[in-house]
Amino acid sequence: YVAKKSHHGYAVYQPELDMHSPRQLSLMSQIEEAMQLEQLALYFQPKIRLQDGNVIGVEALIRWHHPGEGLIPPGEFIPQVERSTLIRPFTLWVIEHALMQCRQWQDLGLPTKVAVNISARNLLDSELPDDVEKLLVKHRVTPDYLELEITESAIVADPGRALDILTKLHDRGVHISIDDFGTGYSSLAHLKKLPVSSLKIDASFVSDMTEDENDAIIVRSTVDLAHNLGMNVIAEGVEDRETLDILKVLDCDYAQGFFICRPIPAADVTEWLRQHTPQSHH
Ligand code: C2E
Ligand code: MG
Ligand code: MG
Ligand code: MG
């Protein structure tokens, strides 16, 4: 059994997370085909600047339109992919499709930065910086339009190699951010060495901050920590107006969450961007 710590702190058994269940094994055997048949699709969730509400970018989130099972969320197959060598082609598939979409938004006059989640295992792959560079060139996207979201725990396996890979990416102009900040093996010693431009405060702190004083304190401390380290800070999982307002008061830079916009297909994002991008007047 794989017990997952739930949002509220107790362990619950989630059959879909059992790596060795027949369903998991069957899904894994189908994922390569799913990539080739374009059954995988990227959804995108906007991130906004709290001061003015303007969009600052979108995060790509994978969905699997399975012919038999319908829409499968990433939590049900990513952990398994991450443990296999498939994670390399998978991550490159995601980056490539995110960049293709990024190119399309630029061509439509709606230039938008895209963020892609990358896995611990990708940070053991020394070819990642070159692979990313090739995809940027192929799709004519400048590196500052790409952000890679990593978790704190992704660095612990081989901190030296991870630092080398991230530094190469950063030197080429790709932005790096720390996802789910506050939930992993936080090492401030690692953090200060990493070429990171922003911290994403985990949704578990943000979603209860209007009721839980300790969560509010953690959020405020993280905002201060980020700013003192010269980083930006973004709150994940903003689900209501009250939370958004408090984040503004706490001087948080950016926000993302269902209250602002759910993850939606690319075509819907195009519409959303049209409505949320300030028109330039000529
Ligand atoms: P994440 O990167 O931390 O992404 C945020 C997750 O929170 C997404 O779930 C998003 O739909 C959800 N979310 C956003 N706003 C809210 C909110 O206001 N309330 C709540 N309750 N949830 C919100 P999703 O799409 O199911 O993805 C789950 C995780 O799967 C991601 O967490 C990320 O770790 C992983 N993932 C998703 N796509 C990819 C991918 O392309 N590659 C890799 N390696 N991992 C991915
Ligand atoms: Mg993320
Ligand atoms: Mg997150
Ligand atoms: Mg996550």
Side-chain angles (χ1 to χ4, degrees), residues 4 6-8 14 16-17 31 34-35 39-48 57-65 71-101 113-125 128 132 135 146-154 175-184 196-210 219 222 233-244 247 254-266 268-269:
K4 186 174 157 54
S6 82
H7 200 69
H8 301 285
Q14 294 178 296
E16 71 273 16
L17 291 181
I31 190 112
M35 286 192 271
Q39 287 172 7
L40 300 183
L42 291 182
Y43 276 39
F44 297 88
Q45 187 180 35
K47 306 175 177 183
I48 61 159
V58 295
E59 176 177 4
L61 294 157
I62 195 79
R63 301 290 182 262
W64 184 353
H65 292 283
L71 197 71
I72 307 181
E76 292 181 28
F77 61 96
I78 293 277
Q80 187 81 300
V81 175
E82 283 178 338
R83 279 168 180 75
S84 80
T85 53
L86 280 177
I87 192 61
R88 183 164 188 268
F90 174 81
T91 298
L92 294 177
W93 187 99
V94 175
I95 294 174
E96 173 147 41
H97 285 75
L99 292 177
M100 283 159 61
Q101 194 52 60
K113 299 182 181 191
V114 291
V116 170
N117 292 284
I118 66 166
S119 300
R121 213 172 161 132
N122 297 129
L123 292 184
L124 296 172
D125 176 3
L128 184 70
V132 169
L135 292 174
L146 178 65
E147 176 173 321
L148 299 179
E149 299 191 358
I150 62 167
T151 58
E152 300 156 84
S153 337
H175 295 285
I176 311 291
S177 60
I178 306 278
D179 205 350
D180 306 338
F181 186 75
T183 63
V196 167
S197 55
S198 50
L199 296 185
K200 300 190 74 177
I201 309 176
D202 191 66
S204 60
F205 306 116
V206 176
S207 57
D208 290 337
M209 65 183 283
T210 54
V219 170
T222 307
V233 61
I234 171 161
E236 303 189 90
V238 177
E239 293 187 351
D240 51 54
R241 156 81 53 200
E242 204 187 341
T243 305
L244 197 83
L247 287 166
Y254 312 122
Q256 188 179 1
F258 292 172
F259 179 70
I260 298 151
C261 186
R262 288 188 170 254
I264 47 178
D268 296 346
V269 178

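Counting starts at 1 for both ligands and their atoms, following the listed order.
When V206, I118, N117 are checked for heavy-atom proximity to atom 2 (O) of ligand 1, N117 turns out nearest. Ranked by closest heavy atom to atom 41 (O) of ligand 1, the top entry among L61, V94, L40, I150 is V94.
Legend: residues meeting side chain to side chain contact (heavy atoms under 4.5 Å, CB included) with S198, ordered by chain and number and at least two apart, are E147, S177, N232. In this view, R121 satisfies the salt bridge (charged side-chain N to carboxylate O under 4.0 Å, His left out) rule with no residue, not counting sequence neighbours.
Distances from ligand 1 to the non-hydrogen atoms of Y43 include no value under 4.0 Å. Residue contacts with ligand 1: R63 is included, with a non-hydrogen atom under 4.0 Å away. At a 4.0 Å cut-off, at least one heavy atom of E59 sits close enough to ligand 1 to count as contact. Between P73 and ligand 1 there is no heavy-atom distance shorter than 4.0 Å. Residue contacts with ligand 1: G75 is excluded, as none of its non-hydrogen atoms falls under 4.0 Å. Assignment of G237 to the shell around ligand 1 is supported, since a heavy atom sits closer than 4.0 Å.
A donor-acceptor pair under 3.5 Å is formed between the side chain of Q45 and the backbone N or O of C261. Judged by distance alone, with hydrogens and angles left aside, the side-chain atoms of T243 form no donor-acceptor pair with the main-chain N or O of E239 at under 3.5 Å. Remark: side-chain polar atoms of S84 are paired, donor with acceptor, to backbone N or O of V81 under 3.5 angstrom.
Atom numbering of ligand 1 starts at 1 in the shown order; those under 4.0 Å from a heavy atom of S119 are 44 (N). Close contacts of ligand 1 with F90, meaning ligand atoms under 4.0 Å from a residue heavy atom, involve 42 (N). The distance from ligand 1 to the heavy atoms of E236 drops below 4.0 Å at these ligand atoms: 3 (O), 5 (C). Remark: ligand 1 atoms within the under-4.0 Å shell around heavy atoms of D179 are 1 (P), 2 (O), 3 (O). Interface atoms of ligand 1 facing Q45, defined by a heavy-atom separation under 4.0 Å, are 14 (C), 15 (N).
Going from atom CH2 of W93 over to atom CG of L86 covers 14.0 Å, rounded to the nearest 0.5 Å. Rounding to the nearest 0.5 angstrom, the gap separating the CD1 atom in I234 from the CZ atom in F181 is 14.5 Å. Between the CG atom in L146 and the NE2 atom in H175 there is a gap of 9.0 Å [rounded to 0.5 Å].
Angle OD1 (D179) to the Mg ion (ligand 3) to OD1 (D180): 90°, rounded to 10°. Around the Mg ion (ligand 2), the two atoms OE1 of E149 and OD1 of N117 are separated by an angle of 90°, to 10 degrees.
For the pair R63 and P74, the minimum side-chain heavy-atom distance is below 4.5 Å. Taking the side chain as every heavy atom from C-beta outward, I87 and D125 never approach each other to under 4.5 Å.
By the criterion of a heavy-atom distance under 4.0 Å, the side chain of I78, and not its backbone, is placed next to ligand 1. Proximity of T91 to ligand 1, defined as any heavy-atom pair under 4.0 Å, is not found for any part of the residue.
E59 contributes atom OE2 as its closest N/O/S atom to the Mg ion (ligand 2).
Aromatic ring orientation, F90 versus F77: perpendicular (interplanar angle above 60°, classes split at 30° and 60°).
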